Amino acid sequence: MPLHAQVIADHWRDMVDQAKALYNWLDGNVSVKIPVTTQGLYAIRKLAAENIQTTGTTVYTAAQAVLAAKAGASYVAPYVNRIDQEYGNGAGVVKTIVGLFNTYCLNCKVLAASFKHNRQILAVMEAGSHEATISPELISRLADHPAVDRDIHAFREIWHSQYGTFSF
């Protein structure tokens, strides 16, 4: 999987220049993050023609995602928490995007992004997101659960009451 690196330009020519600089600097192991705007879609098309992978970012709607995929993006990154906060249903948008990509056989992956809690992560997994960008804090909360500690303690207590210490 490539590193995803963001351009900061507003105009498509500058986006393309920044993308090429990132591509060369990272020896091609990059998917350049381009905002899905009119200018960004033009940059995505130009970069795809040169076989430079792109990630359409700042995706808030399924229509934006389809436009980015049609322009040649390798990934689209819907901003799940921001969609939840501003419009309502981030996981629903991810599900719609995945469904449209499947219906129209678009060769683009969904890289869900912008999470604030684990319910959002599970929701996009259920919605069929191909990949996700998750902070280390949230990843650790996915693995750790208070019930696990409680259960391990109970197993240990049962073992000790039945067999004493653990030894061979």
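Just so it is clear, the model here is predicted, and its values are computed rather than measured.
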Is the closest side-chain heavy-atom distance between [X] and [Y] below 4.5 Å?
| X | Y | value |
| --- | --- | --- |
| Lys70 | Tyr104 | no |
| Tyr79 | Thr57 | yes |
| Val36 | Val76 | no |
| Ile134 | Ile121 | yes |
| Tyr23 | Ile52 | yes |
| Asp14 | His11 | yes |
| Lys33 | Thr54 | no |

* Asked: Are Ile34 and Trp12 close enough, and set up right, to give a side chain to side chain contact (heavy atoms under 4.5 Å, CB included), and what steps lead you there?
  -> CA-CA 9 Å; Ile34 307 285; Trp12 72 267; over 6 Å; no

Is [X] linked to [Y] within one hydrophobic cluster, defined over Ile, Leu, Val, Met, Phe, Trp and Tyr using a side-chain heavy-atom separation of less than 4.5 Å?
| X | Y | answer |
| --- | --- | --- |
| Leu100 | Tyr75 | no |
| Val66 | Leu111 | no |
| Leu142 | Leu138 | yes |

* To do: Tell me, with the steps shown, if Asp10 and Gln39 meet side-chain hydrogen bond (donor to acceptor under 3.5 Å, both in side chains).
  => CA-CA 7 Å; Asp10 290 328; Gln39 292 289 310; over 6 Å; no

Enter the distance from [X]:[atom1] to [Y]:[atom2] here, rounded to the nearest 0.5 Å.
| X | Y | atom1 | atom2 | result |
| --- | --- | --- | --- | --- |
| Arg150 | Ile152 | CZ | CD1 | 11.0 Å |
| Leu3 | Leu26 | CG | CG | 6.0 Å |
| Ile97 | Leu106 | CD1 | CG | 11.5 Å |
| Arg82 | Ser114 | CZ | OG | 5.0 Å |
| Arg156 | Ser161 | CZ | OG | 13.0 Å |

* Would you indicate whether Arg119, at its atom CZ, is surrounded by more than 12 heavy atoms from other residues, nucleotides or ligands within a distance under 6.0 Å? => no

* Asked: If you count the non-hydrogen atoms of other residues, nucleotides and ligands that lie under 6.0 Å from CG in Asp144, is the total more than 12?
  -> yes

Within the side chain of [X], is there an N or O that forms a donor-acceptor pair under 3.5 Å with the backbone of [Y]?
| X | Y | answer |
| --- | --- | --- |
| Asp84 | Gly90 | yes |
| Gln162 | Ile158 | no |
| Gln18 | Ile8 | yes |
| Gln120 | His117 | yes |
| His130 | Val110 | yes |
| Ser129 | Met125 | no |

* **Qualifying residues under side-chain contact (heavy atoms from CB on, under 4.5 Å), relative to Ser74, sequence neighbours excluded** => Gln53

For the student: nearest non-hydrogen atoms of [X] and [Y], plus distance:
| X | Y | result |
| --- | --- | --- |
| Gln6 | Pro35 | NE2-CD, 3.9 Å |
| Ile44 | Gly56 | CD1-CA, 4.3 Å |
| Ser31 | Thr55 | OG-OG1, 2.7 Å |
| Cys108 | Ala69 | CB-CB, 3.7 Å |
| Ala19 | Val7 | N-CG1, 3.8 Å |
| Gly128 | Val98 | O-CG2, 3.5 Å |

* Answer yes when Glu126 and Lys95 have at least one side-chain N-carboxylate O distance shorter than 4.0 Å, and no when they do not. => no

* **Salt bridge present between Lys46 and Glu50 (N-O < 4.0 angstrom)** => no

* What's the verdict on side chain to side chain contact (heavy atoms under 4.5 Å, CB included) for Phe115 and Val80, showing C-alpha distance, side-chain angles and the deciding distance? -> CA-CA 6 Å; Phe115 300 104; Val80 176; 3.9 Å; yes

